[in-house]
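Presented below is the structure to which this report refers.
For this chain, numbers begin at 1 and follow the sequence in order. As the structure lists them, so they are numbered: ligands from 1, and atoms in each ligand from 1. None of these values were measured; they are calculated from a predicted model. The analysis underlying the following values was restricted to heavy atoms, covering all of them including side chains, and did not include hydrogens, waters or symmetry mates.
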Amino acid sequence: MTTTPEPRTDVQLTAPGEILHTGAADYPGLDEWRSLPLKQQPDWRGHPDFDSAYEQLSSNPPLVFAGEVDKLKRRLAQVANGEAFLLQGGDCAETFDGVTADKISARVKTILQMAVVLTYGASLPVVKMGRMAGQYAKPRSSDMETRGDVTLPAFRGEIVNGYDFTEESRIPDPKRMVEAYNKSASTLNLIRAFTEGGFADLRAVQQWNKGFMENPAHAKYEQIAGEIDRAVRFMEACGADFEGLKRTEFYSAHEALLLDYERALTRIDSRTGQPYVTSGHFVWIGERTRELDGAHMDYLSRVQNPVGVKLGPSTTVETVLEIIEKLDPQREPGRLTFISRMGAANIREKLPALVEAVRDSGAKVVWVTDPMHGNTITAKNGYKTRRFDDVMDEVRGFFEVHRAAGTYPGGLHVEMTGDDVAECLGGSDEIDETAFDERYETLVDPRLNHKQSLEMAFLVAEALKKVK
Ligand SMILES: O=C[C@H](O)[C@H](O)COP(=O)(O)O
Ligand SMILES: C=C(OP(=O)(O)O)C(=O)O
C-alpha cells in the first residue's frame with residue numbers, strides 16, 4: 001500500500017486560497033521513479049541542452065494552480081457519485097503549429113457544443129476537459145519507423161522530436177520541453193479568455209448547434225435539438241441569469257508520459273505542503289506505461305492531482321484492484337478515473353468483470369469510455385483510421401455494461417478536433433478513404449471531426465437519457 005507523504009513542516013505555508021507554489025527540488029519520494037522501470041522515454045539525459053531546459057522548466061510559473069486542481073477533484077467526486085458527467089476531448093497529439101486562435105477556438109467550441117447536448121441528455125452538469133495545453137508526448141508501439149529502405153527513430157510527439165522523416169528531425173531535443181510549456185501557456189491563456197469572457201454563453205452555443213441541425217443528414221437529432229432549444233428559450237423567458245451562464249469551468253488534461261517534463265513542473269502547494277503536477281489539471285497514465293511497479297505509477301501516486309489510468313482488453317481484475325490501492329489508498333472520490341479502451345469487439349466481454357470487482361470493492365472511481373484507441377484499423381489506402389460505427393458501438397457497450405452492473409457510466413474520452421478533417425470513416429457525412437489524401441492532418445491517431453463529434457454527442461445524449 002502506498003503512503004501519502006506527510007506535509008512538509010519546513011516550508012512556509014500561506015493562508016488558504018493563496019496560490020503560491022514552491023519548487024519541489026528535494027521533496028521526499030518524488031525522485032523514486034528514476035530508479036524504476038521507465039518506458040517510452042527519449043534517451044536525452046546526456047544532451048548538452050538537457051540541464052538548462054530542465055532548470056528553465058523548474059523555475060517557470062505553474063501552468064495551473066493547486067486550488068483549481070482541487071476544485072476539479074471535487075467535480076470528479078460528483079461524477080463518481082453519479083451527479084455529473086465528464087467530457088474529455090481533444091487532439092491525439094497537439095502540434096506547435098496548431099497553437100492558433102482559430103484552431104483552439106474551434107476545438108473549445110466543439111467541446112462546448114458537445115457539452116450542451118450531453119448536459120441535456122444527462123440532466124446533469126458536464127465537467128468539460130480538453131486533451132489540450134500539454135498533450136504533446138506520444139507513446140509508440142515501435143521505437144523505430146521504417147519508410148522504404150530508411151529506418152529512423154519513431155516520432156514521439158513534438159515535445160520530444162520532429163515529425164519530418166529525416167535523421168535530424170527525429171533526434172530528441174530537450175529544448176522542445178520548453179517550447180511545449182510555452183505553447184501550453186498560450187493555449188491555456190486563450191482557453192481561459194474564451195471560457196470566462198463570454199464565448200461560452202449558452203445561447204451562443206445553442207446557435208452553433210442550430211447550424212449543425214441545418215444539414216438534412218442530421219434531421220434524426222431534431223427532437224433532442226428542439227427540446228434543448230425550447231429549454232433555453234424557456235430559461236430566457238423566465239429571466240434566467242445568463243450572465244452566470246456566459247462562463248464555464250474548463251480543465252486541461254494530458255497523458256503524463258514524459259516524466260522529465262512532469263517532474264520539472266511539479267510544485268509544492270503553499271497551502272498544504274503537498275506536491276501537484278502543474279502542467280495540467282488532470283493527468284493520465286497510458287495503456288503502455290501502467291505497470292504497477294513502473295515509474296509512471298509511482299510518480300502519479302505521489303502527487304495530488306486527479307489521475308486517470310487507461311485500461312485495455314488485457315487488464316485483469318487483480319490489476320484494477322492493485323491500481324486502486326496504489327493510486328487511491330485513501331479512497332478519495334474524484335482522485336481516480338478509469339478510462340476503458342477495450343475496442344467494440346471486446347467491451348461487452350472484458351469490461352463487466354472489472355466494473356463489478358471495483359463496485360464490490362467499495363472504491364468510488366470515475367468510469368470513462370475511450371471508444372477510440374481500441375478501434376484503430378488500417379484503411380485500404382494505408383491510413384490509420386477508425387470507423388464511426390465501431391466507436392459508437394463501443395460507447396453503447398459501455399452503457400450496457402454499466403446498466404447491467406448497476407454502476408454509473410461517468411464519461412466520454414475522445415480524440416476529436418473542431419476542424420473539418422477526414423480521418424475517421426463514416427458518420428452522417430459518410431466520410432470514406434478517398435477524402436484522406438486531402439483532409440487527413442493528425443500526426444499520430446485519427447480524430448473525429450467537428451460534425452462527427454457533435455453527432456456522437458447527440459447519440460450519447462440519447463443513451464444518457466435512458467440512464468436517468
Ligand atoms: O495515441 C496513442 C498511441 O500513441 C498511438 O496509438 C500509437 O500509435 P502507433 O501504434 O502507431 O505507435
Ligand atoms: C496513447 C493514448 O491512449 P492509450 O494509452 O489508451 O493507447 C492516448 O490517449 O493518447
- Please state which protein non-hydrogen atom is closest to atom 2 (C) of ligand 1 and give its distance, to 0.1 Å? Asp445 OD2, 3.2 Å
- In the protein, which heavy atom is nearest to atom 10 (O) of ligand 1, and how far is it? Ser141 OG, 2.3 Å
- Flag, side chain of Gln56 to backbone of Val178, donor-acceptor distance under 3.5 Å: no
- Task: Return yes if some donor-acceptor pair links the side-chain N/O of Glu455 with the main-chain N/O of Ser428 below 3.5 Å, else return no.
- Result: yes
- Task: Could you say whether the N/O atoms of Pro139 and ligand 1 ever approach to under 3.5 Å?
- Result: yes
- Task: Flag the pair Phe282 / Tyr251 as yes when their ring centroid distance falls below 6.0 Å, and as no otherwise.
- Result: no
- Message: Among all the protein's non-hydrogen atoms, which is closest to atom 10 (O) of ligand 2, and how far away is it?
- Response: Lys138 NZ, 2.6 Å
- Message: Between ligand 1 and Ser142, is the shortest N or O to N or O distance under 3.5 Å?
- Response: no
- By number and element, which atoms of ligand 2 are closer than 4.0 Å to a non-hydrogen atom of Arg131? 8 (C), 9 (O), 10 (O)
- Nearest non-hydrogen protein atom to atom 9 (O) of ligand 2, with distance, is Lys310 NZ, 2.7 Å
- Task: Give the numbers and elements of all ligand 2 atoms closer than 4.0 Å to a heavy atom of Glu415.
- Result: 10 (O)
- N or O contact, His413 vs ligand 2, cut-off under 3.5 Å: no
- Item | Centroid-centroid distance, Phe199 to Trp208, less than 6.0 Å | yes
- Query: With distance as the sole test, does Asp173 use its side chain to make a donor-acceptor pair with the main-chain N or O of Lys175 at under 3.5 Å?
  - Reply: yes
- May I ask you to list the atoms of ligand 2 that are less than 4.0 angstrom from any heavy atom of Gly286? 5 (O)
- Task: Pull out every atom of ligand 2 sitting under 4.0 Å from any heavy atom of Arg341, numbered as shown with elements.
- Result: 4 (P), 6 (O), 7 (O)
- Message: Whether the side chain of Asn81 engages the backbone of Ala77 through a donor-acceptor N/O pair (distance < 3.5 Å, no angle test) should be reported.
- Response: yes
- Just by distance, do the side chain of Arg386 and the backbone of Val391 share a donor-acceptor pair under 3.5 Å? no
- Query: Would you find a donor on one side and an acceptor on the other, under 3.5 Å apart, between the side chain of Arg335 and the backbone of Asn305?
  - Reply: yes
- Element-labelled atoms of ligand 1 that are located less than 4.0 Å from some non-hydrogen atom of His373: 1 (O), 2 (C)
- Short question: side chain of Gln452, backbone of Asn449 - any donor-acceptor pair under 3.5 Å? yes
- Does some non-hydrogen atom of Met372 fall short of 4.0 Å from ligand 2? no
- Tell me: protein heavy atom nearest atom 5 (O) of ligand 2, and distance? Glu287 N, 2.8 Å
- Query: Taking the six-membered ring for Trp, is the centroid-to-centroid distance between Tyr136 and Tyr261 below 6.0 Å?
  - Reply: no
- Task: May I ask you to identify the nearest protein heavy atom to atom 8 (O) of ligand 1, giving residue, atom name and distance to one decimal place in Å?
- Result: Lys384 NZ, 2.8 Å
- Task: Could you list the atoms of ligand 2 found under 4.0 angstrom from a heavy atom of Glu255?
- Result: 1 (C), 2 (C)
- Query: What residue and atom, counting heavy atoms only, is the protein's closest point to atom 2 (C) of ligand 2, and at what distance?
  - Reply: His373 NE2, 3.4 Å
- Message: So does Ala379 get a backbone contact from the side chain of Glu433, meaning a donor-acceptor N/O pair under 3.5 Å?
- Response: no
- Message: Checking the side chain of Arg170 only, and the main-chain atoms of Pro153 only, is there a donor and an acceptor separated by less than 3.5 Å?
- Response: yes
- At a 4.0 Å threshold, what atoms of ligand 2 neighbour a non-hydrogen atom of Pro139? 1 (C)
- Item | Contact partition for Glu145 relative to ligand 1, non-hydrogen atoms under 4.0 Å | neither
- So which bit of Cys92 gets within less than 4.0 Å of ligand 1, heavy atoms only: side chain, backbone, both or neither? side chain
